[in-house]
Amino acid sequence: MKHRNAIRSALLAWYDAQARDLAWRTSPGDRRAGVRSDPYRVWLSEVMLQQTTVPHAAPYFLSFTQRWPTVSDLAAVEDGDLMAAWAGLGYYARARNLLACARAVAGDHGGVFPDTEEGLRALPGVGAYTAAAVAAIAFDRAANVVDGNVERVMSRLFAVETPLPDSKPELKALAGDLVTDDRPGDWAQALMDLGATVCKPKSPLCDRCPISTWCAAFQSGAPETYPRKTKKADRPRRHGVAYVLTRGDDMALVRRPPKGLLGGMLGLPTSDWRAAPFSDAEAIAAAPVAAAWRDLGAVEHVFTHFSLTLRVFTAQGANDGDFVWTPREGLGALPSVFLKAALAGERLL
């Protein structure tokens, strides 16, 4: 690739001076001095950061590593405790995969992560991106680590006209051409930092970019128009009913099935979620127990693939029903969709 050495030299020099100080990261200076990144911390951070921002994930990372400082500690946790600790990070299948992977590393690998992409890919729930990231950052393997930030940098650096997502293979190939055996872990993190702090989705800070000299999108005068994108289809809407059943200071929760959306989490009892709104009669008929249910209105929540309108009904409960009665002060661990509905039931919205 033309200018590869110049691009790499400029970006790594920038990273040496501008690397973000992150709780899970070993600084470039320490890495050059021979300090290795902890594979457990790298893996945990990468799983948490999928579909989540650094400021949101950081407190969870600190909490997890304080409670479970090694992968073997994490492997020993009860499923329910892990799901409660994960509440608020979303995409709860990641939490189930996290626990399955930790148990595989602890049980099948003696608590030591495999040090190759192939070995990491064989772990439960570890996909191509996470395997590449851990291989590069923790073990300095020359892996091609491509996330959304890296895709954006590549699309601008080479002015790729094919819109996302169709351009993903091309962008990955372009990124791969820049990977060498020289500092692969720092290189991966430098690209991520550049995309997160300089080559931002909107209003990129091209005047601060260490590789703008070679950036075709910058030379075009319209870098913010890259990456090209195919217009997204409208997000479908679903409707459901949540039931806020109280008994004194306690609220009735249920454990959701282990598979599916929010699987294994504690949540409010709900109806099915469907395309058509629920009438009052349908909402009461779907209630978990017979009671004097009152309509409190609705809350809105947006998932990745659909939007949800959730009507909220409330009633006073008794001892009937298979519920987990939970004090109000313990509701903060609920997934956000159920916390919204619970707060509506408490008339706090």
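Distance CG/Leu98 to CE/Met83: 10.0 Å, rounded to 0.5 Å. Between Leu194 atom CG and Lys200 atom NZ the span is 12.0 Å, to the nearest 0.5 Å. In this structure, CG in Asp81 is found 11.0 Å from CG in Leu74, a value given to the nearest 0.5 Å. Rounding to the nearest 0.5 Å gives a distance of 13.5 Å between OG of Ser167 and NZ of Lys172. Atom CZ of Arg328 and atom CE of Met251 lie 5.5 Å apart (nearest 0.5 Å). The distance from atom CG of Asp147 to atom CG of Leu49, rounded to the nearest 0.5 Å, is 9.5 Å.
Judged by distance alone, with hydrogens and angles left aside, the side-chain atoms of Thr314 form no donor-acceptor pair with the main-chain N or O of Val312 at under 3.5 Å. Between the side chain of Arg94 and the backbone N or O of Val47, at least one donor-acceptor pair lies under 3.5 Å. Between the side chain of Tyr60 and the backbone N or O of Ala85, no donor-acceptor pair lies under 3.5 Å. Listed for the Tyr40 side chain is no donor-acceptor partner under 3.5 Å among the backbone atoms of Ala102. Side-chain atoms of Arg41 come within 3.5 Å of backbone N or O of Ala23 as a donor-acceptor pair. Between the Arg152 side chain and the Gly195 main chain, a donor and an acceptor come within less than 3.5 Å of each other. Side-chain atoms of Arg156 come within 3.5 Å of backbone atoms of Pro223 as a donor-acceptor pair (strictly under, hydrogens ignored). Counting only distance, with no hydrogens or angles, the side chain of Asp193 and the backbone of Gln18 share no donor-acceptor pair below 3.5 Å. Panel note: side chain Ser212, backbone Cys215; no donor-acceptor pair is recorded below 3.5 Å. For Thr230 (side chain) and Leu164 (main-chain N/O), a donor-acceptor pair under 3.5 Å exists by modelled atom type.
Side-chain contact check for Ser37 and Thr26: at least one donor-acceptor pair (N or O, by modelled atom type) lies under 3.5 Å.
Residues Phe313 and Val244 are not in side-chain contact: their nearest non-hydrogen atoms beyond the backbone lie 4.5 Å or more apart. Here the side chains of Trp86 and Phe64 are in contact, with some heavy-atom distance below 4.5 Å. Proximity of Thr326 to Leu334: side-chain heavy atoms (C-beta onward) are nowhere separated by under 4.5 Å. Using a 4.5 Å heavy-atom cutoff, the side chains of Trp43 and Leu123 are not in contact. Contact of the Leu89 side chain with the Met48 side chain is registered, since non-hydrogen atoms from C-beta on lie closer than 4.5 Å. Arg256 places none of its side-chain heavy atoms less than 4.5 Å from the side chain of Tyr92. Annotation: side chain of Val337 is not in contact with side chain of Leu268 (no heavy-atom distance under 4.5 Å). For the pair Thr309 and Pro277, the minimum side-chain heavy-atom distance is 4.5 Å or more.
Leu178 and Phe218 are members of different hydrophobic clusters when ILVMFWY side chains are connected at heavy-atom separations under 4.5 Å. Follow the hydrophobic side-chain contacts under 4.5 Å out from Phe113 and you never reach Val35; the two are in separate clusters. Residues Leu191 and Leu205 share a single hydrophobic cluster, defined by chaining ILVMFWY side chains whose heavy atoms lie under 4.5 Å apart. Placement of Leu82 and Leu62 within a single hydrophobic cluster is found when ILVMFWY residues are connected by side-chain heavy-atom separations under 4.5 Å, directly or transitively. One hydrophobic cluster holds both Val324 and Leu331 under the rule that ILVMFWY side chains link at heavy-atom gaps under 4.5 Å.
A salt bridge links Arg32 and Asp16; the closest N-O separation between the charged side-chain nitrogens and carboxylate oxygens is under 4.0 Å. The pair Arg311-Asp295 meets the salt-bridge criterion, with a side-chain N (NZ, NE, NH1 or NH2) lying under 4.0 Å from an Asp/Glu carboxylate O. Salt-bridge formation is detected for the pair Glu300/Arg237: a Lys NZ or Arg NE/NH1/NH2 atom is positioned less than 4.0 Å from an Asp or Glu carboxylate oxygen.
Cation-pi check for Arg228 over Tyr226 is met; the charged atom lies under 6.0 angstrom from the ring centroid and within 45 degrees of its normal.
Between Leu266 and Pro335, the closest heavy-atom pair is O-CD, 3.3 Å. Shortest non-hydrogen contact noted between Met192 and Asn149 is O-ND2, 3.8 Å. Between Ala143 and Ala132, the shortest heavy-atom distance links the atoms CB-O, 3.5 Å. Here the shortest heavy-atom pairing between Val42 and Ala138 reads CG2-CB, 4.2 Å. Annotation for Glu46 and Ile137: closest pair OE2-CD1, 3.9 Å, computed over non-hydrogen atoms. Looking at every heavy atom in both residues, Ile7 comes nearest to Ile211 through O-CG2, 3.8 Å.
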Candidate pair Leu310 and Lys340, rule side-chain contact (heavy atoms from CB on, under 4.5 Å), full reasoning:
CA-CA 10 Å; Leu310 202 59; Lys340 288 179 184 179; over 6 Å; no

Between Arg255 and Asp79, does the salt bridge (charged side-chain N to carboxylate O under 4.0 Å, His left out) criterion hold? Intermediate values first, please.
CA-CA 12 Å; Arg255 179 75 64 181; Asp79 292 43; over 6 Å; no

Working for side-chain contact (heavy atoms from CB on, under 4.5 Å), residues Arg20 and Val54
CA-CA 11 Å; Arg20 289 180 293 176; Val54 166; 3.8 Å; yes

Apply side-chain contact (heavy atoms from CB on, under 4.5 Å) to Val289 and Tyr243, showing your working.
CA-CA 10 Å; Val289 293; Tyr243 301 95; over 6 Å; no

side-chain contact (heavy atoms from CB on, under 4.5 Å) between Arg208 and Thr197: does it pass, once the steps are laid out?
CA-CA 10 Å; Arg208 303 184 191 178; Thr197 64; over 6 Å; no

Before giving the answer on side-chain hydrogen bond (donor to acceptor under 3.5 Å, both in side chains), spell out for Thr130 and Gln50 the whole-Å C-alpha distance, their side-chain angles and the decisive distance to 0.1 Å.
CA-CA 9 Å; Thr130 302; Gln50 294 168 19; 2.9 Å; yes

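Relative orientation of the Trp24 and Phe61 rings is perpendicular, given thresholds of 30° and 60° on the angle between their planes. The aromatic rings of Trp214 and His3 are tilted relative to each other, their planes meeting at an angle between 30° and 60°.
A ring-centre distance under 6.0 Å is found for Phe303 and His301.
Under the side chain to side chain donor-acceptor pair (under 3.5 Å) rule, Asp140 has a single partner from Arg31, Arg183, Arg36, which is Arg31.
Within 6.0 Å of CG in Asp207 there are more than 12 heavy atoms belonging to other residues, nucleotides or ligands. Around atom CG of Asp234, no more than 12 heavy atoms belonging to other residues, nucleotides or ligands sit under 6.0 Å away.
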